[in-house]
Amino acid sequence: AKAEGRGTFCFFEQSMNDKVQARRAIEVDLRTALVRDELEVFYQPLFHLSAGQVGGFEALVRWRHPTRGLVSPAQFIPIAEELGLIVPLGEWVMIQACKEAVTWPRDIKVAVNLSPAQFRSNGLSKSIRRALNESGLPAGRLELEITESALLQDSEAVLATLHELRSLGIRIALDDFGTGYSSLSYLRSFPFDKLKIDQSFVREMGYRPDCQAIVVSVLGLAAELGMATTAEGVETEEQLEQLREFGCTEAQGYLFDRPRPAGEIRHWFAAKAN
Ligand code: C2E
Ligand code: CA
Ligand code: CA
Ligand code: CA
């Protein structure tokens, strides 16, 4: 049993080591990924329920690693944040997304994710204005998705930036709603245009009455406060039917489509127009 124990420990140590090394490798490669043009922005549709059609797309970054293949942002965004690379990376995503969206039909919006660290770097609103100017995308077609964690730090400065962006006509969505700590106080401190209900609630809505109650309450609250709502992670017709019944504005998830490369979205629009 003792030998076994030691073996287990060694194995554990080994796998820890592997993890540390894999992470190092990602760190090193990530520093050059931008200049090597290895990043790519995918787009996932936001389906407007009452209009019965796609009203916009969320921009989701991907990394085409030369040997690892397609790397998920869940793996490299946290590292980019720690290394301070999220600011140039975020600026790059923003300009890509704006340039792409300007080629879409005029009623289609684009939603871009912002990391908390981007708010800490002074030039955020300036770089967003530059992206709009360079691309020619009207501010009204841009939506920013922020999480509660962005509001945790130096909230006065963050709120000032949000107000400035909103005054340009940019919409602000509160992402992953329900996963943070004190969501309701944030709703009081800033007039969000939209709430995105985290996919964990949507997933369990069908078989957990408490999750369903939360979704119903949040949708009601948002409506009272004049905010639109997006349900994330919608995968089944049943979920869609329930969300429709509960008055949700928009749905996003594999039921409609997964995130796809820009070229495929362009083809989709072209085919629709013909
Ligand atoms: P998020 O903002 O909550 O984005 C939604 C995630 O849910 C995406 O994962 C999307 O592919 C996934 N998803 C969509 N529909 C479904 C579904 O029906 N079922 C399931 N199981 N998942 C679904 P993705 O693309 O891997 O992105 C993960 C996270 O990485 C994002 O979560 C966001 O926090 C972050 N991220 C992605 N792109 C960017 C970016 O450009 N900047 C920043 N700061 N963060 C980004
Ligand atoms: Ca998001
Ligand atoms: Ca989300
Ligand atoms: Ca999420």
Side-chain angles (χ1 to χ4, degrees), residues 43-60 72-74 77-78 81 109-116 119 143-153 155 158-159 162-163 166 170-259:
Y43 299 89
Q44 185 181 33
L46 303 163
F47 189 83
H48 196 281
L49 295 187
S50 62
Q53 60 186 27
V54 172
F57 290 83
E58 178 176 359
L60 294 157
S72 138
I77 290 285
E81 285 173 342
K109 297 185 181 65
V110 69
V112 179
N113 291 283
L114 290 184
S115 280
F119 284 93
E143 195 165 270
L144 304 175
E145 299 195 1
I146 69 162
T147 56
E148 288 162 26
S149 53
L151 298 162
L152 277 175
Q153 25 145 44
S155 54
V158 172
L159 289 181
L162 286 176
H163 278 290
R166 199 161 183 263
I170 298 168
R171 274 163 232 261
I172 315 284
L174 187 54
D175 204 354
D176 298 346
F177 188 74
T179 57
Y181 293 103
S182 50
S183 316
L184 295 179
S185 73
Y186 295 125
L187 298 187
R188 192 182 52 190
S189 56
F190 187 79
F192 289 98
D193 298 286
K194 185 188 276 187
L195 282 192
K196 295 193 79 172
I197 302 172
D198 191 68
Q199 53 188 59
S200 56
F201 295 103
V202 175
R203 197 178 308 130
E204 295 181 21
M205 188 176 62
Y207 52 94
R208 277 188 56 175
D210 53 346
C211 280
Q212 177 170 325
I214 290 171
V215 171
V216 171
S217 306
V218 169
L219 292 174
L221 176 71
E224 280 299 315
L225 297 174
M227 290 184 281
T229 42
T230 304
E232 300 187 319
V234 178
E235 296 183 352
T236 70
E237 289 287 350
E238 289 75 21
Q239 289 167 342
L240 178 63
E241 266 329 295
Q242 282 193 303
L243 291 163
R244 217 189 273 283
E245 187 188 317
F246 302 156
C248 189
T249 320
E250 238 177 26
Q252 174 180 13
Y254 299 159
L255 177 64
F256 304 98
D257 212 350
R258 59 193 162 82

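Position 1 is the first residue of the sequence; numbering continues from there.
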Determine the minimum heavy-atom distance between [X] and [Y], stating which atoms define it.
X: Ile170; Y: Asp193; value: O-OD2, 4.2 Å
X: Pro259; Y: Gln44; value: CA-CB, 3.8 Å
X: Val112; Y: Ala59; value: CG2-CB, 4.4 Å
X: Gln239; Y: Arg203; value: NE2-CA, 3.8 Å
X: Ala231; Y: Val202; value: CB-CG2, 3.9 Å
X: Pro116; Y: Glu81; value: CD-OE2, 4.1 Å

Contacts of Lys194 meeting salt bridge (Lys or Arg N to Asp or Glu O under 4.0 Å) (sequence neighbours excluded), chain-then-number -> Glu143, Glu250

Just wondering, do [Y] and [X] contact through their side chains at under 4.5 Å, heavy atoms?
X: Phe119; Y: Leu162; value: yes
X: Pro73; Y: Leu60; value: no
X: Val215; Y: Leu243; value: yes
X: Ile77; Y: Asn113; value: no
X: Leu152; Y: Tyr186; value: yes
X: Phe190; Y: Val158; value: no
X: Val54; Y: Phe256; value: no
X: Ser189; Y: Leu151; value: no

Going through the distances and angles, do Thr229 and Phe177 end up as a side chain to side chain contact (heavy atoms under 4.5 Å, CB included)?
-> CA-CA 10 Å; Thr229 42; Phe177 188 74; over 6 Å; no

Reported [atom1]-to-[atom2] distance for the pair [X] and [Y], which is rounded to 0.5 angstrom:
X: Thr230; Y: Leu49; atom1: OG1; atom2: CG; answer: 9.0 Å
X: Thr147; Y: Leu114; atom1: OG1; atom2: CG; answer: 9.5 Å
X: Leu144; Y: Phe192; atom1: CG; atom2: CZ; answer: 11.0 Å
X: Phe47; Y: Asp257; atom1: CZ; atom2: CG; answer: 12.0 Å

Checking side chain to side chain contact (heavy atoms under 4.5 Å, CB included) for the pair Leu174/Leu187: CA distance, chi angles, key distance, verdict?
-> CA-CA 9 Å; Leu174 187 54; Leu187 298 187; 4.0 Å; yes

Applying the side chain to side chain contact (heavy atoms under 4.5 Å, CB included) test to Leu195, which of Val218, Leu219, Asp175 qualifies?
->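 The residue from Val218, Leu219, Asp175 that satisfies side chain to side chain contact (heavy atoms under 4.5 Å, CB included) with Leu195 turns out to be Val218.
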
Taking everything shown except Glu224 itself, do over 12 heavy atoms lie less than 6.0 Å from its CD?
->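 Counting neighbours around CD of Glu224, 12 or fewer heavy atoms of other residues, nucleotides or ligands fall under 6.0 Å, so no.
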
For Thr179 and Glu148, run side chain to side chain contact (heavy atoms under 4.5 Å, CB included): C-alpha distance rounded to whole Å, both residues' side-chain angles, the deciding distance at 0.1 Å, then the answer.
-> CA-CA 9 Å; Thr179 57; Glu148 288 162 26; 5.7 Å; no

Please identify each residue that fulfils side chain to side chain contact (heavy atoms under 4.5 Å, CB included) with [X], with sequence neighbours left out.
X: Pro191; result: His163, Arg166
X: Glu237; result: Leu240, Leu255
X: Ala51; result: His48, Gln53
X: Ser72; result: Ala74, Gln75

Applying side-chain hydrogen bond (donor to acceptor under 3.5 Å, both in side chains), which residue pairs with at least one partner in residues 206-220 are found, sequence neighbours left out?
-> Glu204-Arg208, Arg208-Asp210, Gln212-Gln242

